[in-house]
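Data first, discussion second: the structure below is written as structure tokens.
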Amino acid sequence: MSTLLLTIAAICAVILFFIIRRKKKQEHLVKRVRASDLYGHLYPLLLRCNRRCVESIALKTDSVCIRLYKPAGRTLLYTFEKHGFDPLNEEYLYALAQAVAVDLPLLRDHTRYTFHTRTEIRFNGHKADWYEYMITTDYKDSMIRAEYLEKAPHRA
């Protein structure tokens with residue numbers, strides 16, 4: 001019985017060790033992404049998002065696409081190749097998605113935005129993951145309602 005408990009404890013310790021190691025590696029990669037030239041180019045666009053009505057931010061291996069709900073349908077697209085950067089590998093792309101949340105704290109609020117992993121199948125049959133921050137319906141409705149109430153004429 002005691003050897004079984006020791007074996008289970010050892011397995012749990014190994015699993016915990018790998019989880020902690022992976023988390024530290026990811027934190028290091030996020031710091032590296034935030035210090036990169038790519039992020040330096042992308043950062044001004046992200047700062048503009050703090051003052052805009054962002055519906056979603058899609059981070060793909062070749063671009064970052066920001067959709068706004070006001071004005072409706074407005075899309076801001078940052079293509080890496082157009083700015084002289086290579087497409088990102090999946091590990092770096094995930095770190096970029098986490099770095100965006102560091103600089104846009106609104107995205108970390110789960111009552112306002114949700115984080116999704118999406119998968120697309122390319123023409124050659126390969127799968128590619130990409131990430132998206134999407135506004136919640138309740139938060140979007142409250143923002144539109146608040147703006148409408150601000151513009152409504154006041155009657156005495």
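- Residue L107 holds its CG atom at 10.0 Å from OG1 of T114, rounded to the nearest 0.5 Å.
- L104 and L77 end up in different hydrophobic clusters when Ile, Leu, Val, Met, Phe, Trp and Tyr side chains are linked at under 4.5 Å.
- In this structure, the side chain to side chain contact (heavy atoms under 4.5 Å, CB included) partners of L16, at least two apart in sequence or on a different chain, are I20.
- Put simply, CG on L42 and CG on D37 are 12.5 Å apart, with the number rounded to the nearest 0.5 Å.
- With sequence neighbours excluded, the residues that form a side chain to side chain donor-acceptor pair (under 3.5 Å) with T111 are D109.
- By the rule that hydrophobic residues join a cluster once side-chain heavy atoms approach within less than 4.5 Å of another member, L38 and L47 end up as members of one cluster.
- Taking Y39 as the reference, nothing meets the ring-ring contact (aromatic ring centres under 6.0 Å, His included) condition, with sequence neighbours excluded.
- R108 places a side-chain N or O within 3.5 Å of a backbone atom of A101 that can act as its donor or acceptor partner.
- Residue Y113 holds its OH atom at 10.0 Å from NZ of K140, rounded to the nearest 0.5 Å.
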In a table with atom names and distances, give each donor-acceptor pair under 3.5 Å that connects a side chain of residues 59-67 to protein atoms at least two apart or in another chain.
{"unit_1": "T61", "atom_1": "OG1", "unit_2": "R122", "atom_2": "NH2", "d": "3.3"}
{"unit_1": "R67", "atom_1": "NE", "unit_2": "S56", "atom_2": "OG", "d": "3.3"}
{"unit_1": "R67", "atom_1": "NH2", "unit_2": "S56", "atom_2": "OG", "d": "3.4"}

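- Taking I19 as the reference, I15 meet the side chain to side chain contact (heavy atoms under 4.5 Å, CB included) condition, with sequence neighbours excluded.
- Hydrophobic clustering keeps W130 apart from M134 (ILVMFWY residues linked when any side-chain heavy atoms are closer than 4.5 Å, directly or through intermediates).
- For S36, the side chain to side chain donor-acceptor pair (under 3.5 Å) test picks out Y92, with sequence neighbours left out.
- Of the inter-residue distances, the one linking I135 atom CD1 with R112 atom CZ reads 9.5 Å to the nearest 0.5 angstrom.
- Scored by the ring-ring contact (aromatic ring centres under 6.0 Å, His included) test, H83 finds Y78 as partners (sequence neighbours excluded).
- Heavy-atom neighbours of I121 CD1 from other residues, nucleotides or ligands within 6.0 Å: at or below the threshold of 12.
- Residue F17 is grouped with residue V14 when hydrophobic side chains (ILVMFWY) are merged at heavy-atom distances under 4.5 angstrom, including chains of intermediate members.
- Residues meeting the ring-ring contact (aromatic ring centres under 6.0 Å, His included) test with H41, sequence neighbours left out: F85.
- Closest heavy-atom contact between T136 and H110: CG2-O, 4.1 Å.
- Legend: residues meeting salt bridge (charged side-chain N to carboxylate O under 4.0 Å, His left out) with R32, ordered by chain and number and at least two apart, are absent.
- Counting non-hydrogen atoms of neighbouring residues, nucleotides and ligands closer than 6.0 angstrom, the NE2 atom of H116 exceeds 12 such neighbours.
- Ring geometry for Y94 against F115 counts as perpendicular: the plane angle is over 60°, on a 0 to 90° scale with 30° as the lower cut.
- Note that CG of L46 is 6.5 Å distant from CD1 of I57, once rounded to the nearest 0.5 Å.
- No donor-acceptor pair closer than 3.5 Å links the side chain of Y133 to the backbone N or O of V54.
- In terms of heavy atoms, R34 sits closest to A99 at CG-CB, 3.6 Å.
- Partners of R48 by side chain to side chain contact (heavy atoms under 4.5 Å, CB included), not counting sequence neighbours, listed by chain and number: L45, R51, R52, L76.
- For F123, there are no side chain to side chain contact (heavy atoms under 4.5 Å, CB included) partners at least two apart in sequence or on another chain.
- Legend: residues meeting side chain to side chain donor-acceptor pair (under 3.5 Å) with D86, ordered by chain and number and at least two apart, are absent.
- Counting only heavy atoms from C-beta outward, the side chains of V100 and Y131 never approach each other to under 4.5 Å.
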